[in-house]
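One structure is given below, encoded as structure tokens.
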Amino acid sequence: MGEKKPQQQQKEREKSSKQKYKHSNTPSAAPAAKSTSDFTFKQISDVKGLRFGGQFIVKSFTIRRAKPLELLRLLSLHPVNHPSAPNTTNIFPSFPSTTAYLPTNFTILAHQAWHTLTLGLGTKKSKVVLFVFESETMKTEVDMKWPVEIPLGEVNKKMIRGLQGTEMARFKFRKGCITFYVYAVRKIGDLGFGCVEDLKLILESVVALKDFFDHTAMLAMPNQRSINYTNGEIQHTEMAH
């Protein structure tokens with residue numbers, strides 16, 4: 001009997017460890033799958049907004065709504081083959097449900113001035129904000145309510161917290177002197193995300209970007225006045241990074 005007890009105790013320990021292992025792993029698999037497919041959408045009251053740290057003066061700097069071509073150039077997107085477009089070899093990807101906001105000329109120059117006046121202590125990092133809506137209709141409705149130009153300090157209150165009846169998933173990427181904020185927006189209670197392919201392409205494009213060293217090149221973007229570049233030089237330098 002003395003020889004059987006250690007063996008029985010060992011079997012019981014092995015059985016107990018297997019049960020614990022099964023118990024600890026089985027429940028965690030479900031939330032992981034859910035968060036991956038659901039993009040961790042949260043109520044707007046729980047979604048993190050833009051961050052400014054101690055640089056309160058940056059809140060007065062403004063951003064403006066970007067044109068579709070500007071978004072493509074910002075993300076360094078090129079024409080691609082599209083199977084649904086016959087007789088067309090390459091077409092530019094379109095984001096009909098996406099609204100992007102870029103730094104204005106004032107913001108870009110103000111960042112440089114603030115950085116110089118503070119002897120390098122003031123930030124010269126600009127913010128780019130992209131909203132990917134679940135449908136083109138939703139984007140159109142929201143664009144009619146949102147201003148074309150807005151101070152960074154009002155984005156959290158008017159554009160994120162102010163979009164009642166929706167929930168968002170937030171993504172943040174630091175790319176040198178530009179910080180990208182990407183928000184996926186859908187109505188509360190909706191399952192999945194209607195424009196998931198657009199969201200995926202935008203996220204992949206931002207991740208693939210190299211760090212921006214000098215965002216003053218954004219002054220040469222379309223519909224903005226270029227103060228340093230000629231028309232021939234813009235093609236090569238407007239979004240150098």
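What you see below is based on every heavy atom in this structure, not just the backbone, and it leaves out hydrogens, waters and symmetry mates. Quick caveat: nothing in here was measured; it's all calculated off a predicted structure.
- Stacking of K127 on the aromatic ring of F61 is not recorded, the 6.0 Å distance cut-off and the 45° axial limit not both being met.
- The minimum heavy-atom distance linking F180 with L209 is given by the pair CZ-CD1, 3.7 Å.
- Contact of the T98 side chain with the F131 side chain is not registered, since no non-hydrogen atoms from C-beta on lie closer than 4.5 Å.
- Under the 4.5 Å side-chain criterion, counting only non-hydrogen atoms from C-beta, L203 is in contact with F173.
- Between the side chains of T104 and T107, at least one donor N or O sits under 3.5 Å from an acceptor N or O.
- Here the closest non-hydrogen pair linking P147 and Y101 is O-OH, 2.8 Å.
- Between R51 and K172 there is a side-chain heavy-atom pair separated by less than 4.5 Å.
- Contact detail for L50 and N156: the closest heavy-atom pair is N-OD1, 2.7 Å.
- With contacts defined as side-chain heavy-atom distances shorter than 4.5 Å, the pair V47/F41 does not qualify.
- Between M138 atom CE and D190 atom CG the span is 8.0 Å, to the nearest 0.5 Å.
- For the pair M159 and K145, the minimum side-chain heavy-atom distance is 4.5 Å or more.
- Between the side chain of R65 and the backbone N or O of W146, at least one donor-acceptor pair lies under 3.5 Å.
- Remark: F133 CZ to K187 NZ distance equals 12.0 Å, nearest 0.5 Å.
- Residue-environment remark: CD (E204) exceeds the threshold of 12 foreign heavy atoms within 6.0 Å.
- The distance from the CE atom of M168 to the OG1 atom of T40 is 13.0 Å, given to the nearest 0.5 Å.
- Judged by distance alone, with hydrogens and angles left aside, the side-chain atoms of R161 form no donor-acceptor pair with the main-chain N or O of S45 at under 3.5 Å.
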Audit row: E141, E136, side-chain contact (heavy atoms from CB on, under 4.5 Å) steps and yes/no: CA-CA 9 Å; E141 293 175 352; E136 185 176 355; over 6 Å; no
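- Rounding to the nearest 0.5 Å places CZ of F193 at 9.0 Å from OG of S135.
- The hydrophobic clustering, which links ILVMFWY residues whose side-chain heavy atoms are closer than 4.5 Å, places Y183 and I188 apart.
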Steps toward side-chain contact (heavy atoms from CB on, under 4.5 Å) verdict (F95, I202): CA-CA 9 Å; F95 301 103; I202 288 176; 3.6 Å; yes
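- Atom-to-atom distance recorded for E134:CD and S97:OG is 9.5 Å, nearest 0.5 angstrom.
- The only member of V129, L102, V128 that meets side-chain contact (heavy atoms from CB on, under 4.5 Å) when paired with I63 is V129.
- For the residue pair D46 and K42, the shortest heavy atom distance occurs at O-CD, 4.1 Å.
- Electrostatic pairing of R186 and E167 counts as a salt bridge here, judged by a charged N lying under 4.0 Å from a carboxylate O.
- Under a 4.0 Å N-O distance rule, the pair E70/R64 qualifies as a salt bridge.
- Rounding to the nearest 0.5 angstrom, the gap separating the CG atom in L77 from the CG atom in L72 is 6.0 Å.
- The side-chain heavy atoms of P103 and I178, taken from C-beta on, include no pair separated by under 4.5 Å.
- Counting heavy atoms of neighbouring residues, nucleotides and ligands inside a 6.0 Å radius, atom NZ of K175 exceeds 12 of them.
- Here the closest non-hydrogen pair linking A100 and L71 is CB-CD1, 4.0 Å.
- Using a 3.5 Å distance cut-off with no hydrogens or angles, the side chains of K139 and T99 do pair a donor with an acceptor.
- Of all the heavy atoms in F52 and L152, the pair that sits closest is CZ-O, 3.5 Å.
- In this structure, I44 and T166 have side chains that are in contact, with non-hydrogen atoms separated by less than 4.5 Å.
- Taking the ring centroids of F171 and Y181, they lie at or beyond the 6.0 Å cut-off.
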